[in-house]
There are 2 protein chains.
Amino acid sequence: MPPPRPARTRTGRPPVTSRAQIMEAARRLIDRDGWEKLTLRRLATELGIGTTTLYHHVRDKEDLMVQLITDHADRMPHPELPDNPRERIIVAAIAIHDALAALPWAAEALTVDGFLGRLGDTALWHVETIVAGAVAHGCTPEQAVDVFRNIWYYTVGEILVRARTANHRHLDREKLLNQQKLRFDNRDSTQLPHLAAIGNQWPTLASRDIYPQGLRAFVDGLLSHATTDTAPLSR
Amino acid sequence: MPPPRPARTRTGRPPVTSRAQIMEAARRLIDRDGWEKLTLRRLATELGIGTTTLYHHVRDKEDLMVQLITDHADRMPHPELPDNPRERIIVAAIAIHDALAALPWAAEALTVDGFLGRLGDTALWHVETIVAGAVAHGCTPEQAVDVFRNIWYYTVGEILVRARTANHRHLDREKLLNQQKLRFDNRDSTQLPHLAAIGNQWPTLASRDIYPQGLRAFVDGLLSHATTDTAPLSR
DNA sequence: ACCTGAACACCGTTCAAGT
DNA sequence: ACCTGAACACCGTTCAAGT
């Protein structure tokens with residue numbers, strides 16, 4: 001296989017940057033200043049290039065963010081898979097979750113249309129594992145896709161909600177103090193007895209990580225529903 | 001209780017707008033031009049007032065969006081509750097889901113910290129119903145909160161993902177055409193056999209509404225896990 | 001081939017001044 | 001009491017022109 005761009009054939013002005021350099025600088029910027037500060041202008045300054053040069057490498061800002069996530073996702077290690085199909089689903093889902101949880105800023109891009117389709121084969125291997133696990137457990141391909149989609153919704157929701165409640169790294173000190181904590185102890189205890197009883201315990205309870213247990217319960221429910229239904233949904 | 005502001009006592013310049021008028025205009029703007037076009041400047045123009053006047057009624061843009069959602073949520077009708085606790089949870093969750101699905105633009109505000117705490121008693125009644133249903137089924141209060149949180153993650157995730165894939169009302173025609181549909185038929189069929197087999201069927205499968213079935217499976221899984229565990233999680 | 005500054009069309013937010 | 005324009009400090013994106 002010949003080098004795609006032989007040096008002798010190259011003509012015109014040489015590139016000042018590359019896709020890899022852009023992605024690296026973007027990650028550096030996010031780590032240093034927080035993801036809210038990732039703008040094309042700042043990114044160009046970080047790279048020491050003109051802002052508009054970035055448009056040779058990314059279509060627009062959304063494209064930059066999606067590339068950032070899919071790059072990260074495609075570097076995910078494949079976890080060891082257990083024999084049990086149900087457990088394989090759990091392991092793959094947790095791997096997806098953990099990979100995305102490392103990018104809590106990903107919120108905006110995570111729900112972009114066609115996001116899954118832009119993942120590389122390495123990241124899709126996790127999707128494949130979940131679908132294959134469901135089929136191995138006795139699901140039809142349609143049901144297996146539903147299993148994946150349901151897990152995907154749950155995983156995305158957990159990450160988006162928790163990313164904004166947990167990570168206060170980049171909030172002003174003042175805003176943090178003013179922030180009214182979620183508490184139900186001043187609520188009408190006649191109308192909302194259980195919430196009133198929980199009262200100011202809610203924030204403590206809500207800070208616990210329940211993803212793995214929730215996932216297990218969900219997968220159990222999905223698999224038993226799928227294989228119990230004698231007549232799969234018509235049409 | 002005396003009227004909070006007797007007319008005779010009022011002094012100074014009279015208000016040009018009210019919170020209710022602002023909310024109404026914001027909803028009108030979103031309905032007409034799409035939620036991406038909701039800006040404080042446009043909203044002020046819609047109302048025929050100065051932009052900065054809005055800052056007397058909302059703290060900032062996020063506050064405006066949260067107020068918009070909580071207003072909407074607090075007008076939710078209470079659904080009829082069945083006798084079965086499990087079914088009560090389902091009915092309340094679907095009510096929450098449907099109320100939020102009517103505001104697909106809500107994404108940004110839905111995951112704001114302390115969002116639940118800003119809901120009024122009418123909207124919280126649905127949360128109460130879910131927690132109460134779980135307790136009636138045999139959960140501890142802690143487990144009941146976990147049940148709610150898990151349902152919340154799933155519901156938020158479903159709405160955020162589907163809001164961006166389904167609703168193409170406000171996309172340019174061109175962007176829609178260029179959009180690469182999610183399809184796996186050109187994937188490596190050795191590495192990803194199940195996805196390759198599904199191929200271009202994925203978009204069709206993914207467009208089906210699976211929330212109610214997924215919810216039922218999840219609730220079943222959550223309730224049976226909670227009441228099967230002989231030893232609830234320590235600490 | 002590739003890069004760029006200038007310009008366009010916007011944002012949210014602050015604040016001193018006006019009525 | 002309440003409202004406001006002007007200004008600040010930014011955005012993403014386009015495009016004609018430069019090397």
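Chain identifiers are assigned alphabetically (A, B, ...) following the order of the sequence lines, protein sequences preceding nucleic acid strands; residue numbering begins at 1 within each chain. Being a predicted model, the structure only gives us computed values, none of them experimental. The basis for the numbers below is simple: all heavy atoms, side chains too, and nothing from hydrogens, waters or symmetry mates.
Minimum atom distance to the side chain of A:I49 is reached by C:dT4, of the listed C:dT4, D:dT4, D:dT13.
Taking the six-membered ring for Trp, A:Y154 and B:Y154 have ring centres at least 6.0 Å apart.
A straight line from CD of A:E36 to P of C:dT13 spans 14 Å, rounded to a whole angstrom. One can place CG of A:L43 at 13 Å from P of D:dT13, the figure rounded to the nearest angstrom. Here C:dA1 presents its C1' atom at 11 Å from NE2 of A:H57, a figure rounded to the nearest Å. The CZ atom of A:R59 sits 10 Å away from the P atom of D:dT13 (whole-angstrom rounding). In this structure, CG of B:L54 is placed 11 Å from P of C:dT13, rounded to the nearest angstrom.
Considering only residues two or more places apart in sequence or on other chains, B:D121 meets the salt bridge (charged side-chain N to carboxylate O under 4.0 Å, His left out) condition with A:R187. Judged as a salt bridge (charged side-chain N to carboxylate O under 4.0 Å, His left out), and not counting sequence neighbours, A:E128 has no contacts. Applying the salt bridge (charged side-chain N to carboxylate O under 4.0 Å, His left out) test to B:E142 and every residue at least two apart in sequence or in another chain returns nothing.
By the 6.0 Å contact criterion, CD on A:Q21 is enclosed, its count of non-hydrogen atoms from other residues, nucleotides or ligands being greater than 12.
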TODO: Decide side-chain contact (heavy atoms from CB on, under 4.5 Å) for A:R19 and A:D71; before the verdict, give the C-alpha distance in whole Å, the side-chain angles of both, and the deciding distance to 0.1 Å.
DONE: CA-CA 11 Å; A:R19 212 190 74 102; A:D71 266 29; 3.1 Å; yes
Open item on the list: Run A:L68 and A:I30 through side-chain contact (heavy atoms from CB on, under 4.5 Å) and show every step you take.
Closed with: CA-CA 11 Å; A:L68 234 28; A:I30 291 170; 4.1 Å; yes
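Here the side chain of A:R208 pairs no donor or acceptor atom with the backbone of B:D146 at under 3.5 angstrom.
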Close N/O contacts between protein and nucleotides 15-19 of chain D (under 3.5 Å):
{"residue": "D:dG18", "atom": "N2", "partner": "A:R13", "partner atom": "NH1", "Å": "2.9"}

Which pairs, protein N/O on one side and nucleotides 9-12 of chain D N/O on the other, fall under 3.5 Å?
{"residue": "D:dC11", "atom": "OP1", "partner": "A:T39", "partner atom": "OG1", "Å": "3.3"}
{"residue": "D:dG12", "atom": "OP1", "partner": "A:L40", "partner atom": "N", "Å": "3.4"}
{"residue": "D:dG12", "atom": "OP2", "partner": "A:L40", "partner atom": "N", "Å": "3.2"}
{"residue": "D:dG12", "atom": "N7", "partner": "A:R41", "partner atom": "NH1", "Å": "2.4"}
{"residue": "D:dG12", "atom": "O6", "partner": "A:R41", "partner atom": "NH1", "Å": "2.9"}

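Ionic pairing of B:E46 and B:R42 is not present here: no N-O contact between side-chain nitrogen and carboxylate oxygen is shorter than 4.0 angstrom.
Comparing the same atom, P, in C:dA9 and in D:dC10 gives a spacing of 22 Å after rounding to whole Å.
In plain terms, the two heavy atoms of A:D74 and A:A123 that are nearest each other are OD1-CB, 3.3 Å.
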Open item on the list: What does the 5'-to-3' dot-bracket notation of DNA chain C look like when only Watson-Crick and G-U wobble pairs under 3.5 Å count, and pairs to other strands show as |?
Closed with: ||.|||||...|||||.||
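Distance OG1/B:T204 to CD1/B:I198: 11.5 Å, rounded to 0.5 Å.
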